[in-house]
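Just so it is clear: chains get the letters A, B, ... in the order the sequence lines come, proteins before strands, and each one is counted from 1. None of the values given here were measured: they were computed from a predicted structure.
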There are 2 protein chains.
Amino acid sequence: MSVNANVEFSTRSRPTMKEVAALSGTSLKTVSRVMNQEAGVSPELIKKVKQAALSLNYQPNFTASSLRRSDGKTNTIGLLLEDVANPFSSALQRAIEEVARDRGVAVLAGSVDEDSARERELAAAFISRRVDGLIVVPAGHDQSYLQIEKQSGTPMVFVDRPPSLLDADSVLTANHDGARLGVQHLIDNGHERIAYLGDLATISTAVDRLAGYRDALERAGIEFDPSIVKQNLRASFEAEIFTNELMDSDYPPSAIFASQNLISIGVMQALHRAGLQNTIALVGFDDIPMVELITPGLTAIIQDVSGLGKTAAELLFDRIDGEQLESQHRVLDVELVIRGSGEIQGPVRHS
Amino acid sequence: MSVNANVEFSTRSRPTMKEVAALSGTSLKTVSRVMNQEAGVSPELIKKVKQAALSLNYQPNFTASSLRRSDGKTNTIGLLLEDVANPFSSALQRAIEEVARDRGVAVLAGSVDEDSARERELAAAFISRRVDGLIVVPAGHDQSYLQIEKQSGTPMVFVDRPPSLLDADSVLTANHDGARLGVQHLIDNGHERIAYLGDLATISTAVDRLAGYRDALERAGIEFDPSIVKQNLRASFEAEIFTNELMDSDYPPSAIFASQNLISIGVMQALHRAGLQNTIALVGFDDIPMVELITPGLTAIIQDVSGLGKTAAELLFDRIDGEQLESQHRVLDVELVIRGSGEIQGPVRHS
DNA sequence: CTGAAAGCGCTTACAG
DNA sequence: CTGAAAGCGCTTACAG
């Protein structure tokens with residue numbers, strides 16, 4: 001049974017300020033004053049207007065007011081994420097929402113899916129809706145298309161990956177240093193033959209992490225061996241396959257550095273299946289869910305995803321508030337969390 | 001070094017159709033015709049207008065056009081989720097985005113956090129921005145505040161949980177039948193003493209799953225024992241604690257039904273820590289990530305989260321397109337995925 | 001303290 | 001095929 005069968009299909013159009021004015025016997029301008037809580041309206045008129053608004057169920061039209069208002073703000077920002085469904089993106093979105101919420105700002109979000117055409121479409125869609133600012137995890141390698149938009153006064157902040165061919169704010173993780181730290185940890189535990197399994201070589205974070213890996217090897221005087229380095233792994237199962245190949249090879253590594261959580265998962269699956277999880281050391285970049293249930297626990301380089309989102313949102317709102325600074329570039333530190341997999345000892349004896 | 005140091009701080013205001021008209025020597029209306037690809041403009045004028053638009057970097061203002069257009073559509077919908085950061089919500093968001101994307105519709109999303117005040121605030125924020133429709137995972141127990149909005153012609157669809165005190169479309173999972181199926185599976189494997197660990201008793205899905213549990217027991221002639229039933233578990237660690245209590249009790253259950261993935265994780269942690277993961281059977285509602293790495297694998301009732309989002313979005317767009325149907329109520333089937341934890345045999349012998 | 005007029009950037013409804 | 005006028009729902013700038 002319908003709760004309100006009698007009104008089910010009646011569609012009254014939405015009341016306007018003009019109608020509220022008519023019902024309350026005042027002017028449009030007075031209604032506007034009351035709705036915006038401007039000072040200098042007599043208590044009687046305030047009461048009348050509020051009553052009329054209530055009885056008509058008046059709901060202010062924020063898009064109309066934003067069109068006319070001198071600041072032109074829509075109190076809406078746009079978020080371009082890798083994929084709203086992946087844990088990194090959604091943690092980012094959550095942290096940004098938190099900052100936006102406190103300011104009465106709504107958040108438009110979309111998935112770029114590592115597709116530069118999609119990135120431009122989404123940016124255009126948000127711009128045509130006149131968002132007050134943009135937070136972007138870029139997929140393409142040329143953000144110059146946003147130059148005009150930036151000059152037109154739309155603040156924008158890049159997160160996780162820096163913009164290319166565009167000078168703008170960015171908030172990044174210490175990818176190079178983080179990877180170096182992780183590989184250094186394996187070296188400290190007696191490993192020399194350390195494989196590297198990485199993401200798409202077109203993603204800047206993957207490039208930086210590989211550089212960090214090489215840096216750690218170089219500092220320890222270990223030669224770089226391309227045969228135990230694999231990039232462009234796009235899924236856990238690809239990492240699993242390459243791990244199997246490594247283990248079946250003539251000269252397998254004693255340790256693995258996984259540049260990303262999906263890759264860590266693939267490596268762990270391969271090691272578990274081969275019964276090598278307590279033999280081959282593993283350090284991963286990024287945390288994985290439910291890490292407590294797996295033995296040995298994953299030793300990992302953890303990034304501050306909430307911090308990335310919060311910092312990006314704060315920078316963005318500073319710009320929206322009119323601050324005119326040079327481009328800001330923030331780099332957030334990582335943390336090495338020790339859980340067992342990275343402390344499996346390697347063959348090298350340190351004195 | 002800045003890529004464009006010379007223009008860094010110059011903020012040109014955004015060009016309007018009027019300016020494009022002036023530059024191209026045509027009228028505002030002709031520019032509007034060209035931008036909207038209306039038929040009946042001479043090729044020469046089209047060319048002139050396009051050139052002028054390009055040289056001014058004209059970007060259409062969709063909010064302004066939506067204010068004037070007769071359909072009034074903003075091509076934006078609003079999503080009220082439990083928490084954009086949780087996997088269920090973000091999978092839902094992703095599926096909805098997919099459908100919206102094909103129609104050129106942008107998605108506003110926000111987290112309700114099981115807070116009914118927050119639910120109303122978010123709904124109001126989206127409504128004041130004149131979204132074309134709302135998809136809601138309700139937290140509160142009274143959605144009558146949306147009645148007026150619904151009558152005003154804003155389509156809305158409820159997902160995962162039905163609306164209360166409001167007649168509207170809904171897309172739900174078969175929670176009762178799914179839970180019954182899971183508990184039935186444990187009974188079929190020889191269990192009679194089956195504990196139930198559930199979420200907040202104010203959430204309708206939790207209520208339905210508990211009812212499904214009781215239904216399965218009743219059908220098998222097993223008496224309901226409140227001492228091994230716990231509701232209102234809000235985190236994995238709470239489920240872990242209660243599992244420990246169960247195991248330490250005088251008459252522990254031989255099997256556990258976990259009504260939700262966070263609870264499954266807590267139970268698994270407790271069982272693993274006690275070394276009982278191959279002794280006590282477990283079936284969970286909802287999948288957990290990385291299930292492949294854990295032994296025994298979690299036997300689970302899997303819901304079609306993408307299907308929920310896709311169906312909800314399709315229903316919503318049907319309404320936005322003007323279909324005037326009675327309220328639609330869809331219920332999506334679940335699947336029992338067998339992975340080992342639910343097939344641990346209980347004490348009862350079936351002939 | 002209150003309100004009539006103009007205008008935000010567009011589209012609609014008309015007229016030529 | 002083209003354009004001048006009016007108006008979407010509001011706020012601004014001004015006058016009383």
Side-chain angles (χ1 to χ4, degrees), chain A residues 12-50 52-53 56-75 127-132 152-154, chain B residues 12-50 52-53 56-75 127-132 152-154:
Chain A
R12 277 205 308 267
S13 76
R14 216 179 279 282
T16 64
M17 275 194 180
K18 200 173 157 192
E19 294 170 61
V20 176
L23 184 64
S24 60
T26 62
S27 73
L28 180 60
K29 177 61 216 179
T30 295
V31 176
S32 169
R33 282 193 180 98
V34 173
M35 292 303 156
N36 293 295
Q37 309 192 48
E38 285 175 40
V41 183
S42 68
E44 306 96 86
L45 276 191
I46 293 181
K47 202 176 166 189
K48 275 192 196 172
V49 168
K50 284 192 170 170
L56 289 173
N57 281 310
Y58 173 73
Q59 301 275 39
N61 184 330
F62 192 75
T63 62
S65 90
S66 113
L67 181 62
R68 189 62 185 87
R69 255 176 303 109
S70 49
D71 67 2
K73 295 278 186 291
T74 53
N75 280 9
I127 288 165
S128 76
R129 286 170 180 77
R130 292 297 184 270
V131 291
D132 297 334
S152 302
T154 303
Chain B
R12 278 204 308 267
S13 77
R14 217 179 279 283
T16 65
M17 276 193 180
K18 200 174 157 192
E19 295 170 60
V20 176
L23 184 64
S24 59
T26 62
S27 74
L28 179 61
K29 176 62 215 179
T30 295
V31 176
S32 169
R33 283 193 180 99
V34 173
M35 292 303 157
N36 293 294
Q37 308 191 49
E38 284 175 39
V41 184
S42 68
E44 308 94 87
L45 277 190
I46 292 181
K47 203 177 164 187
K48 274 192 197 173
V49 168
K50 284 192 169 169
L56 290 174
N57 281 309
Y58 173 75
Q59 300 275 39
N61 184 330
F62 192 74
T63 61
S65 91
S66 112
L67 180 62
R68 188 64 185 85
R69 256 177 301 108
S70 49
D71 67 2
K73 295 278 187 292
T74 54
N75 281 9
I127 287 164
S128 75
R129 286 169 181 77
R130 292 297 185 270
V131 291
D132 297 334
S152 302
T154 303

[N] phosphate, OP1 or OP2, under 4.0 Å from [X] side-chain N/O:
{"X": "B/Ser70", "N": "C/dT12", "result": "yes"}
{"X": "A/Thr30", "N": "C/dT2", "result": "no"}
{"X": "B/Ser42", "N": "D/dT2", "result": "yes"}
{"X": "A/Ser27", "N": "C/dT2", "result": "no"}

key: Donor-acceptor pair present, B/Arg130 side chain and D/dG9 base, under 3.5 Å   =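 By the distance-only test, no, there is no pair.
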inquiry  = Base of C/dG3, side chain of A/Arg33 - is there a donor-acceptor contact under 3.5 Å?
reply    =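 For A/Arg33, whose side chain was compared with the base of C/dG3, there is a donor-acceptor pair (under 3.5 Å).
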Spacing of [X] atom [atom1] relative to [N] atom [atom2], expressed in whole Å:
{"X": "A/Met17", "N": "D/dG9", "atom1": "CE", "atom2": "C1'", "value": "8 Å"}
{"X": "A/Glu38", "N": "D/dT11", "atom1": "CD", "atom2": "C1'", "value": "8 Å"}
{"X": "A/Tyr58", "N": "D/dG9", "atom1": "OH", "atom2": "P", "value": "10 Å"}
{"X": "B/Glu44", "N": "D/dC1", "atom1": "CD", "atom2": "P", "value": "10 Å"}

inquiry  = Under 3.5 Å for both pairing distances: what stems, at least three Watson-Crick or G-U pairs long, include DNA chain D?
reply    =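 Stems for DNA chain D, defined as runs of 3 or more consecutive pairs: C:1-3 with D:14-16, C:5-12 with D:5-12, C:14-16 with D:1-3.
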task = Could you tell me whether A/Lys50 atom NZ has more than 12 heavy atoms of other residues or ligands within 6.0 Å of it?
result =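 Counting neighbours around NZ of A/Lys50, 12 or fewer heavy atoms of other residues, nucleotides or ligands fall under 6.0 Å, so no.
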key: Spatial distance of atom CZ (B/Arg33) from atom CD1 (B/Ile46) [nearest 0.5 Å]   =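 Atom-to-atom, B/Arg33:CZ and B/Ile46:CD1 are 11.0 Å apart.
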For nucleotides 6-8 of chain D, give me every protein contact, N/O to N/O, under 3.5 Å, one pair per line with atom names.
{"from": "D/dG7", "atom 1": "N2", "to": "B/Arg68", "atom 2": "NE", "distance (Å)": "2.5"}
{"from": "D/dG7", "atom 1": "N3", "to": "B/Arg68", "atom 2": "NE", "distance (Å)": "2.7"}
{"from": "D/dC8", "atom 1": "O2", "to": "B/Arg68", "atom 2": "N", "distance (Å)": "3.4"}

ask   = Just checking, is any N or O donor in the side chain of A/Thr26 or A/Ser24 under 3.5 Å from an acceptor N or O on the other one?
value =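 Distance-only check passes for A/Thr26 and A/Ser24.
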